[in-house]
Amino acid sequence: MGLRPRPKTLSARDNVEPRHCIAPTTEANKRKTEPEKMIVCVAVVGHQNNPLYIQSFTDADDALKLHHIVHCSLDVVDERVNNPKKAGPTLNETFLGLLYPTENYKVYGYLTNTKVKFILVTTDLDVKDADVRNFFRRFHAAYVDAISNPFHEPGKKITSKTFAERVSTIVKSFGLSSTG
């Protein structure tokens, strides 16, 4: 049982911050403390419930879980489309709204006139409908551009790199502004 050395005391002329000081607020620190409006997955599902495009935006290995969430959301979409009286939105409304919340995610849906479904999975539990509508509007425009390509085969998976880049840009700008 030896004696421990006494910690050095800092004086005013020592140019060292004590460890208990709070770091100055920076953009990086703000992003860590503020809840992020993060999209973790987007999907395009064909009118026969065949996946045309699925992209997850997480670092974790939860792609299978997100695929399952997207697959489960198709039942909710079918229920809303086939029972419009119970679901609320009219048949002319393409935005289906919140399909269902889970413990960690909220799942939103959108239905095009050609019965193609767009699914959005987000971790932001306080997302605004206006942000989601804006996202789907921009996502739909990117989708229309991708399938308007004369080399795209209708009903086949979307493999366009331009589409993937546009989707990434739309996802990164999610929740930043309500104009597109």
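Note that the structure is predicted; figures quoted are calculated from it, not measured. The residues of the chain are indexed from 1 along the displayed sequence.
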Colleague: List the steps, then state whether side chain to side chain contact (heavy atoms under 4.5 Å, CB included) holds for Cys41 with Ile69.
Modeller: CA-CA 10 Å; Cys41 182; Ile69 289 172; over 6 Å; no
Colleague: Is the side chain of Thr123 donor-acceptor paired with the backbone N or O of Tyr105 at a distance under 3.5 Å, no angle test?
Modeller: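 Such a contact is absent between Thr123 side chain and Tyr105 backbone.
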Colleague: Rounded at 0.5 Å granularity, tell me how far OG1 in Thr94 sits from CG in Leu96.
Modeller: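 Taking OG1 in Thr94 and CG in Leu96, the distance rounds to 7.5 Å.
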Colleague: Distance from Tyr108 atom OH to Phe136 atom CZ, nearest 0.5 Å?
Modeller: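 If I round to the nearest 0.5 Å, the distance is 9.5 Å.
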Colleague: Of all the heavy-atom pairs spanning Tyr100 and Cys72, show the shortest one and how long it is.
Modeller: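 The pair with the smallest heavy-atom distance is OH-CB, 3.6 Å.
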Colleague: Start with the C-alpha distance between Leu66 and Thr58, add both sets of side-chain angles, then the distance that settles side chain to side chain contact (heavy atoms under 4.5 Å, CB included), and finish with yes or no.
Modeller: CA-CA 10 Å; Leu66 294 171; Thr58 60; 4.3 Å; yes
Colleague: With side chain to side chain contact (heavy atoms under 4.5 Å, CB included) as the test, pick out the partner of Phe139 among Leu120, Val44, Val171.
Modeller: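 For Phe139, the side chain to side chain contact (heavy atoms under 4.5 Å, CB included) test succeeds with only one of Leu120, Val44, Val171, which is Val44.
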Colleague: Show which side-chain atoms of residues 149-157 pair as donor or acceptor with protein atoms under 3.5 Å away, not counting sequence neighbours.
Modeller:
from, atom 1, to, atom 2, distance (Å)
Asn149, OD1, Phe151, N, 2.9

Colleague: Of all heavy-atom pairs between Val70 and Ser73, which one has the smallest distance, and what is that distance?
Modeller: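 Looks like O-OG, 2.5 Å.
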Colleague: With heavy-atom distances below 4.5 Å as the criterion, would you say the side chains of Asn104 and Val40 are in contact?
Modeller: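 In short, these two side chains do not touch, never coming nearer than 4.5 Å.
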Colleague: I'd like to check the side chain to side chain donor-acceptor pair (under 3.5 Å) partners of Thr162; sequence neighbours left out, ordered by chain and number.
Modeller: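 Scan of Thr162 (side chain to side chain donor-acceptor pair (under 3.5 Å), adjacent residues dropped) gives none.
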Colleague: So, for Arg138 and Ser173, which heavy atoms are closest and what is the spacing to 0.1 Å?
Modeller: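 Reported closest heavy-atom pair: NH1-OG, 2.8 Å.
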Colleague: Taking side-chain contact (heavy atoms from CB on, under 4.5 Å) as the definition, give me every residue that meets it alongside Asn49, ordered by chain and number, with sequence neighbours left out.
Modeller: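 Only Val45, Leu74, Asp78, Lys117 meet the side-chain contact (heavy atoms from CB on, under 4.5 Å) criterion with Asn49.
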Colleague: Any side-chain heavy atom of Arg137 within less than 4.5 Å of one from Asn134?
Modeller: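 Yes. Closest side-chain heavy atoms under 4.5 Å.
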Colleague: Does Val77 reach the side chain of Ile119, with side-chain heavy atoms less than 4.5 Å apart?
Modeller: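 Yes, at least one pair of side-chain atoms sits under 4.5 Å.
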Colleague: Specify whether Tyr143 and Phe118 have parallel, tilted or perpendicular ring planes, treating 30° as the upper limit for parallel and 60° as the lower limit for perpendicular.
Modeller: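 Perpendicular, since the angle between the ring planes exceeds 60°.
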Colleague: My understanding is that only residues two or more places apart in sequence, or in another chain, count here; which of them pass side chain to side chain donor-acceptor pair (under 3.5 Å) with Thr114?
Modeller: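 Result, side chain to side chain donor-acceptor pair (under 3.5 Å) vs Thr114: Thr112.
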Colleague: Could you give all pairs that pass the ring-ring contact (aromatic ring centres under 6.0 Å, His included) test and reach residues 59-78, with sequence neighbours left out?
Modeller: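 Found none.
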Colleague: Measuring from Phe95:CZ to Leu111:CG, what's the distance to the nearest 0.5 Å?
Modeller: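 Separation between the atoms: 12.5 Å.
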Colleague: When you look at Ile170 and Ile39, which way does the side chain to side chain contact (heavy atoms under 4.5 Å, CB included) test go after all the steps?
Modeller: CA-CA 10 Å; Ile170 295 168; Ile39 293 176; over 6 Å; no
Colleague: Write down the atom of Ile158, the atom of Ala146, and the distance for their closest heavy-atom approach.
Modeller: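 Here Ile158 and Ala146 meet closest at CG2-CB, 4.2 Å.
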Colleague: Holding to salt bridge (Lys or Arg N to Asp or Glu O under 4.0 Å), I want the full list of residues that pass it with Asp62, two or more places apart in sequence or in another chain.
Modeller: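 Asp62: no salt bridge (Lys or Arg N to Asp or Glu O under 4.0 Å) contacts found.
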Colleague: Return the CD1 to CG distance between Ile147 and Leu52, rounded to the nearest 0.5 Å.
Modeller: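 Spacing of CD1 (Ile147) from CG (Leu52) equals 9.0 Å.
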Colleague: So, taking the atom named CG in Asp145 and the one named CZ in Arg166, what distance separates them when rounded to the nearest 0.5 Å?
Modeller: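 It comes to 4.5 Å.
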Colleague: Applying side chain to side chain contact (heavy atoms under 4.5 Å, CB included), run through Phe174 and Asp131 and close with a yes or a no.
Modeller: CA-CA 7 Å; Phe174 179 68; Asp131 289 337; 4.1 Å; yes
